[in-house]
2 protein chains.
Amino acid sequence: MLTERQLYILKAIVDDYITNAEPVGSRTISKRQDINFSPATIRNEMSDLEEMGFLEKPHSSAGRIPSQKGYRYYVDHLLSPTQLSSRDVTDIRSQLAEKFQESEQVIQQSAKILSQLTSYTSIVLGPEVFESKLQQIQLIPISTTQAVIIIVTDSGHVENQTVYFPENVSGSDVEKVVNILNERLRGVPIYQLQQKLSQEIASVFKKYVSKYETMLTALREVFRDHQQEKVYYGGKTNILSQPEFNDVERVRNILNIFEEDALVSRLIRSEDQGLTIRIGEENDFKPFEDLSLVTATYTLDGKYVGTIGLLGPTRMEYPRVISLMEYFSRDMSELLNRRNKN
Amino acid sequence: MLTERQLYILKAIVDDYITNAEPVGSRTISKRQDINFSPATIRNEMSDLEEMGFLEKPHSSAGRIPSQKGYRYYVDHLLSPTQLSSRDVTDIRSQLAEKFQESEQVIQQSAKILSQLTSYTSIVLGPEVFESKLQQIQLIPISTTQAVIIIVTDSGHVENQTVYFPENVSGSDVEKVVNILNERLRGVPIYQLQQKLSQEIASVFKKYVSKYETMLTALREVFRDHQQEKVYYGGKTNILSQPEFNDVERVRNILNIFEEDALVSRLIRSEDQGLTIRIGEENDFKPFEDLSLVTATYTLDGKYVGTIGLLGPTRMEYPRVISLMEYFSRDMSELLNRRNKN
DNA sequence: TGTTAGCACTCTTATTCGCCGAGTGCTAAA
DNA sequence: TTTAGCACTCGGCGAATAAGAGTGCTAACA
């Protein structure tokens with residue numbers, strides 16, 4: 001229902017506002033050389049677009065800015081899919097070189113590059129511990145009453161925790177426990193550990209191990225604690241450099257959210273394979289109501305393992321961000337997979 | 001060389017400025033009921049104090065604010081040692097309850113409480129991996145070319161890293177490596193691992209292990225990477241709520257520093273046992289030139305293991321902060337020691 | 001001689017006013 | 001349908017002004 005010209009004007013306004021962060025007037029548009037209409041004509045169209053809800057005015061004598069609906073339309077219909085500039089590609093390539101051994105490093109570095117390239121804040125979830133399986137459990141004694149329990153997953157992830165037990169637990173008991181655990185739990189997904197422990201292992205313990213209760217409670221705790229996934233950030237303060245955030249109080253609120261990993265994880269997580277764009281209130285979260293969040297997933301063996309996200313003002317450089325996210329989504333999956341294979 | 005009255009006035013001004021963050025005028029001081037001098041007299045004294053460098057004027061018709069030298073004098077001579085309020089003590093006690101198993105949790109929680117109680121930013125270093133000794137090394141294979149190497153220290157700290165080696169390394173070689181490492185390196189301080197590896201172990205490897213070079217480089221890397229200590233923060237954004245920080249650019253600079261753990265670690269670290277107060281430029285670090293940093297150390301078996309720090313405006317509530325820091329320094333040492341003993 | 005009242009002076013902050021410029025909306029003409 | 005023209009709106013900015021807080025100095029006082 002939008003005419004060709006209206007589409008053009010809407011796109012022009014969004015593009016302009018994205019780069020300049022200032023309300024766009026009719027004259028600015030009409031001065032473009034690929035359009036041949038007078039400011040007056042543009043004004044009429046703008047007025048119509050506003051009536052339809054795509055634009056709004058900060059005040060009566062300023063130019064127009066895109067409304068949330070305007071951004072949404074822009075993202076859905078107006079976006080010309082851009083190629084990543086070769087400069088970006090070489091930048092990424094050089095910074096995400098092969099030197100990274102740990103998948104954790106790959107992720108951290110990706111977050112960093114993403115934020116540097118965009119001057120938004122990047123947030124990366126995972127890799128999903130949840131889905132990975134137990135490879136081995138080790139119990140390493142530190143003193144007579146203390147040991148470190150170490151859980152290694154098949155994806156090479158390591159979790160550890162110190163456990164305490166009473167003086168009178170014998171070394172052979174500890175050994176038995178470790179053996180039982182490794183025998184029974186290898187290959188079990190991390191999220192099932194707790195359950196298995198209560199249902200199967202408990203009774204086995206009872207049979208072979210004296211003083212098994214202490215062990216059991218300690219283990220239960222360890223398994224419970226290590227189910228949440230990690231959150232990595234890049235450029236936490238980048239968002240402060242956006243002109244719309246020169247109010248310290250607002251900034252503080254947003255920055256505080258970043259300290260709550262569990263909350264952020266919930267906000268970012270997206271089950272959808274592929275790219276998701278949430279604009280302003282679409283985030284359904286008050287402090288993000290003038291922020292946009294673009295997320296994509298990355299995979300291991302085709303399975304979801306984590307999410308990458310980019311948080312910026314609603315006035316976000318969508319075309320660039322989208323191609324970047326697509327690139328990273330692919331590249332991280334690839335890097336992690338290669339790492340896991342050879 | 002300062003008269004009784006000058007001391008009183010200096011203290012009054014610092015106290016007032018600390019709580020109100022606004023230049024203090026002569027009238028404000030004279031209105032205190034425990035002083036019986038007219039504003040004019042106070043003015044004369046203030047003028048003298050300014051000449052001596054303890055006070056300064058933001059501009060000619062504002063009140064006075066303490067200079068850096070003024071704060072220093074206040075901290076060194078004027079501070080009445082205050083008792084921690086019983087409310088604070090119960091607050092701390094309840095939040096730092098016994099439930100914490102991991103020393104990491106104790107530290108994190110301490111950082112959090114400290115920041116909540118003061119609305120400054122707390123920074124905690126350690127516990128010092130550097131000084132601790134190797135307890136055990138484990139190598140857990142993940143795939144044919146991948147293993148996780150796990151280093152456990154005598155303080156129960158765990159470091160891990162994934163290593164990759166060529167297909168043709170035999171299982172028995174790996175086993176040999178682990179055995180040699182555990183035999184030769186147990187009890188060696190972490191910071192000496194790299195050196196020992198090159199000097200002693202290399203030749204042993206050469207003798208017994210085929211394909212030892214790959215192993216060696218992998219290990220070298222692992223040892224190198226795990227020497228730095230961890231930095232924990234509490235209330236990163238607290239500093240934003242101080243009235244002197246409503247400039248987004250300044251805030252950004254400071255927050256960015258917090259992202260550089262190595263830098264922060266260097267700034268905070270203090271070899272001095274006991275309490276250290278660095279005011280403004282005493283930090284010798286441009287971005288901190290109007291911040292104060294109070295640090296204290298905590299110990300394990302009487303040995304230094306880490307530092308706790310509190311970062312706030314120079315206009316800091318020194319009396320309260322000092323007693324809090326003393327309390328935490330003692331309490332954390334105690335908690336950690338108890339944890340290590342029983 | 002130390003203290004204080006008084007007063008002129010300084011400087012900041014808040015407020016008001018007027019003006020400029022960017023931009024709109026409407027009307028009428030092409 | 002498009003556009004030129006014009007009146008109108010509104011925010012932003014600088015100058016002018018007033019208010020207020022505080023100082024420094026002088027002279028008088030105990």
Side-chain angles (χ1 to χ4, degrees), chain A residues 1-10 12-17 19-67 70 243-244 246-247, chain B residues 1-10 12-17 19-67 70 243-244 246-247:
Chain A
M1 345 105 261
L2 287 182
T3 67
E4 195 69 19
R5 196 167 64 191
Q6 284 173 328
L7 292 177
Y8 179 88
I9 291 173
L10 178 54
I13 290 174
V14 178
D15 279 335
D16 191 287
Y17 187 65
T19 56
N20 300 319
E22 249 153 50
V24 187
S26 53
R27 252 175 64 83
T28 317
I29 304 292
S30 81
K31 265 193 291 205
R32 299 193 162 215
Q33 64 271 67
D34 51 347
I35 200 168
N36 283 323
F37 296 100
S38 74
T41 311
I42 313 280
R43 277 206 289 282
N44 288 330
E45 298 285 32
M46 279 162 96
S47 179
D48 290 350
L49 283 167
E50 184 179 358
E51 208 165 313
M52 288 184 270
F54 294 112
L55 297 179
E56 49 195 39
K57 282 187 291 200
H59 58 264
S60 75
S61 80
R64 304 300 210 291
I65 63 174
S67 68
E244 36 266 272
N246 38 19
D247 172 25
Chain B
M1 348 104 257
L2 287 181
T3 68
E4 196 70 20
R5 196 168 64 191
Q6 284 173 329
L7 292 176
Y8 178 87
I9 291 172
L10 179 54
I13 289 174
V14 177
D15 279 335
D16 191 287
Y17 187 65
T19 56
N20 300 320
E22 249 153 50
V24 187
S26 53
R27 251 175 65 84
T28 317
I29 304 292
S30 81
K31 265 192 292 206
R32 299 191 161 216
Q33 64 271 69
D34 51 348
I35 200 169
N36 284 321
F37 296 100
S38 73
T41 310
I42 313 280
R43 277 206 288 285
N44 289 329
E45 298 285 32
M46 280 163 98
S47 180
D48 290 351
L49 283 167
E50 184 179 357
E51 208 166 314
M52 288 185 270
F54 295 110
L55 297 178
E56 47 196 40
K57 282 186 292 201
H59 59 263
S60 74
S61 80
R64 302 300 208 291
I65 62 174
S67 68
E244 37 266 271
N246 37 19
D247 171 26

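So that the names make sense, note that chain A is the first sequence line, chain B the second, and so on, each numbered from 1.
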P58(A) versus I65(A), closest heavy-atom pair with distance: CG-CG2, 4.3 Å
The side chain of S47(B) is closest to which nucleotide in this list: dG24(D), dT24(C), dC10(D)? dG24(D)
Would you mind classifying the nucleic acid contact of T41(A) as base, sugar-phosphate or nothing, using non-hydrogen atoms under 4.0 angstrom? base
Mind calculating the distance between CG (L49(B)) and P (dT23(D)) to the nearest angstrom? 12 Å
Spell out yes or no: do the side chain of S38(B) and the base of dT4(C) have one donor N/O and one acceptor N/O closer than 3.5 Å? no
Looking only at N and O atoms, is any donor in the side chain of R43(B) or the base of dG6(C) less than 3.5 Å from an acceptor on the other one? yes
Can you name the closest pair of heavy atoms from L49(B) and L10(B) and give their distance? CD1-N, 4.1 Å
How many Å lie between CG on N20(B) and P on dG22(D), as a whole number? 12 Å
Given S26(A), which partner from the list R64(A), R43(A), K31(A), E45(A) fulfils the side-chain hydrogen bond (donor to acceptor under 3.5 Å, both in side chains) test? R43(A)
Tell me whether the OP1 or OP2 atom of dT2(D) has a side-chain N or O from R5(A) closer than 4.0 Å. yes
Are OP1 or OP2 of dT24(C) and a side-chain N or O of R64(A) less than 4.0 angstrom apart? yes
Earlier contact from the 5' end, DNA chain C, for A40(A) and T28(A): T28(A)
How many whole angstroms separate atom NE2 of H59(A) from atom C1' of dG25(C)? 15 Å
How many whole angstroms separate atom CG of L55(B) from atom C1' of dG22(D)? 14 Å
Nearest-angstrom distance from the residue atom CG of N44(A) to P of dT27(C): 12 Å
Is there a side-chain polar atom (N or O) of K57(A) under 4.0 Å from OP1 or OP2 of dA22(C)? no
side-chain N/O S60(B) vs dT10(C) OP1/OP2, d < 4.0 Å: no
At their closest point, which heavy atom of I42(A) faces which heavy atom of S30(A), and how far apart are they? CG1-CB, 4.1 Å
Nearest-Å distance for atom pair CD/C1', residues E45(B) and dT4(C): 13 Å
Separation of atom CZ in R27(A) from atom P in dA4(D), rounded to whole Å: 12 Å
Could you check whether any side-chain heavy atom of Y8(A) comes within less than 4.5 Å of a side-chain heavy atom of D34(A), counting everything from C-beta outward? yes
Please state how far atom CZ in F37(B) lies from atom P in dG2(C), giving the value in whole angstrom units. 12 Å
